[in-house]
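These figures come from a predicted structure and were not determined experimentally. Side chains included, hydrogens not; waters and symmetry mates left out as well; all remaining heavy atoms used. As the structure lists them, so they are numbered: ligands from 1, and atoms in each ligand from 1.
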Amino acid sequence: MLTRTQTMDVSGLRDLAVRMFDEVRKLSFDGVGVTRESYGRGETAAADFLRDLAQAEGLKVETDRAANLVFSLPEDSGEAPAVWSGSHLDSVPQGGNFDGLAGIVAGLLCLIARKRGGALQGPPLKVIGFRGEESAWFGKAYMGSGSLFGKVSPEDLELKQRNSGLTLAESMRGVGADVEAIRARTPLLDKSRVSAYLELHIEQGPVMVARELPLGVVSGIRGNVRHNRITCIGEAGHSGAVPRWLRHDAMFAVADLIMRLDDHWRALLERGIDLVVTTGVVSTDAAEHSISRIPGLVSLSFEARSKSIDTLEGFYELMRTECKAIGRDRGVRFEFDRRLLSEPATMDARICEVLAQACKERASPYEIIPSGAGHDASLFANAGIPSGMIFIRNRNGSHNPDEAMEIDDFMRGVQVLSDAVDRLA
Ligand code: GLV
Ligand code: MN
Ligand code: MN
């Protein structure tokens, strides 16, 4: 095992990090932000670039049966359980460059430092670049990491890509995944070969900037419960001719639902309960809607996130109860597509301690903070693999083109990641 004084120094890889971020940004720039579609063009462009770069550095690059990229040192025989680290290759449409990519670049820099430094006595490190983490494309998150643990169902494989209309199965097959093994829910990763999972990621909220913290050690990850599409069915009519008491306006019903959920949310927050609620998509049908027509049909998405599974289930029931009540009050009805649940996850206490210790030794201010956003690390933690995450300060939020991570903060995080790998033998 390496001692404290032998830990790898990654500071000489700063320029390489900048080049990797810049090149992948160029390859996936869409005119506004970056677009790296899950199992699509931008994601594959990022994967191809990183594969070539890793091979040029003398690393071994493999593709697993879910078409994720796995990087390691060529000297790693694969016999000893390894520390795994990584994140996702894909992005939301018109997203930012660092969500996901930062974690893969960080892991690769740790491997490149080891390769260039010729230090092979540390614990084996495998770096994974997941495909298909973002729910924006198929309405489902964690497709790449979920496949490793048999968590992608036959129903999931029929979900359609928002633009191409291709099913998830077709899209996965298109990049070489073993869809039949995934459909059969065969675990594609032998958990006994993974001693720990570490993920570096930008913070996607405003807390670390506000608190002037370059790094964060993540305590846990919120889960979520979702519907991609809830349809409210009322009765279309002439906007001038139907009096209020005879209307069945689907839009007013949906607005009523959202306001009722907001009231419940506020009351729960006042009781100290962790919860966020979002309706990210609301639409009338463009083929029929007009300003002079009472909407007879409105569709909306529903998402609630919490650290507590009980809160998620409780709030979900509340939402269904309110839909019934609004149905009675307003003469409308609600129809629901398939409910999707991602469970919350807790990060491993020992790994959090190792990461915190590394921050202290590198004299980096940090705090323990929860993650509001979802991450592949939650799949590893819920599969029983000790997992931990490092957050990097990032301005302007995330899932937008304006993500802004300082390279100095990132390099501090990579050093902490590298130190933690050395300690997790
Ligand atoms: C992942 O990006 C999420 O939606 O939390
Ligand atoms: Mn994201
Ligand atoms: Mn992410």
Side-chain angles (χ1 to χ4, degrees), residues 21 24-25 28 30 33-40 42-43 46 68 85-107 128-146 159 162 197-208 216 218 220-228 274-281 301-307 312 340-345 347 369-382 387 389-394 396-405 410 413:
F21 285 123
V24 177
R25 183 198 299 278
S28 48
D30 56 28
V34 302
T35 293
R36 304 197 272 263
E37 306 88 337
S38 307
Y39 306 100
E43 184 190 71
N68 304 306
S85 184
S87 194
H88 57 98
L89 292 156
D90 56 340
S91 75
V92 298
Q94 298 187 352
N97 198 36
F98 302 114
D99 176 7
L101 181 60
I104 307 174
V105 171
I128 185 155
F130 289 109
R131 289 187 181 264
E133 189 267 354
E134 295 288 0
S135 54
W137 300 101
F138 291 91
K140 163 152 182 82
Y142 312 132
M143 297 163 282
S145 51
L159 290 166
R162 61 190 282 162
Y197 177 79
L198 298 175
E199 182 164 350
L200 176 149
H201 202 285
I202 53 166
E203 194 217 2
Q204 294 172 283
V207 176
M208 290 168 64
V218 175
I221 300 173
R222 278 186 178 138
N224 63 66
V225 59
R226 290 171 164 163
H227 281 284
N228 281 301
D274 177 59
L275 181 68
V276 285
V277 184
T278 305
T279 303
V281 181
S301 63
F302 167 81
E303 182 197 82
R305 300 198 192 209
S306 174
K307 288 187 275 186
L312 290 179
L340 296 167
L341 178 73
S342 295
E343 289 182 19
M347 296 297 99
I369 61 170
S371 172
H375 304 286
D376 295 300
S378 64
L379 280 275
F380 283 74
N382 287 334
S387 300
M389 289 193 73
I390 309 164
F391 268 0
I392 312 292
R393 172 168 52 190
N394 161 62
N396 309 327
S398 180
H399 286 188
N400 73 60
D402 302 324
E403 287 174 359
M405 175 190 75
F410 173 72

> Can Glu303 and Arg226 be said to form a side chain to side chain contact (heavy atoms under 4.5 Å, CB included), step by step?
Replying inline: CA-CA 4 Å; Glu303 182 197 82; Arg226 290 171 164 163; 2.7 Å; yes
> Within the side chain of Arg162, is there an N or O that forms a donor-acceptor pair under 3.5 Å with the backbone of Ala136?
Replying inline: yes
> Would a distance-only check, ignoring hydrogens and angles, find a side-chain to backbone donor-acceptor pair under 3.5 Å from Asn394 to Ala404?
Replying inline: yes
> With hydrogens left out, which residues have an atom under 4.0 Å from ligand 1, given that only heavy atoms count?
Replying inline: Glu133, Glu134, Arg226, Arg305, Ala373, Gly374, His399
> Residues two or more places apart in sequence or in another chain: which of them pass salt bridge (Lys or Arg N to Asp or Glu O under 4.0 Å) with Asp402?
Replying inline: none
> Under the salt bridge (Lys or Arg N to Asp or Glu O under 4.0 Å) test, which residues partner Glu199, sequence neighbours left out?
Replying inline: none
> When you measure from the Mn ion (ligand 2) to each N, O or S atom of His399, which atom gives the shortest distance?
Replying inline: NE2
>> Just to be sure I understand the site: which N, O or S atoms from the protein are less than 2.8 Å away from the Mn ion (ligand 3)?
In response: His88 NE2, Asp99 OD1, His201 NE2
> So Arg36 and Leu89, side chain to side chain contact (heavy atoms under 4.5 Å, CB included) or not? Walk me through it.
Replying inline: CA-CA 7 Å; Arg36 304 197 272 263; Leu89 292 156; over 6 Å; no
> Would you call the rings of Phe410 and Phe21 parallel, tilted or perpendicular if under 30° counts as parallel and over 60° as perpendicular?
Replying inline: perpendicular
> Using the ring of each side chain (for Trp, its six-membered ring), is Phe380 parallel, tilted or perpendicular to Tyr197, with breaks at 30° and 60°?
Replying inline: parallel
> CG/Leu379 to OH/Tyr142 distance, rounded to the nearest 0.5 angstrom?
Replying inline: 7.0 Å
> Could you go step by step and tell me if Ile221 and Met389 meet the side chain to side chain contact (heavy atoms under 4.5 Å, CB included) rule?
Replying inline: CA-CA 10 Å; Ile221 300 173; Met389 289 193 73; 3.7 Å; yes
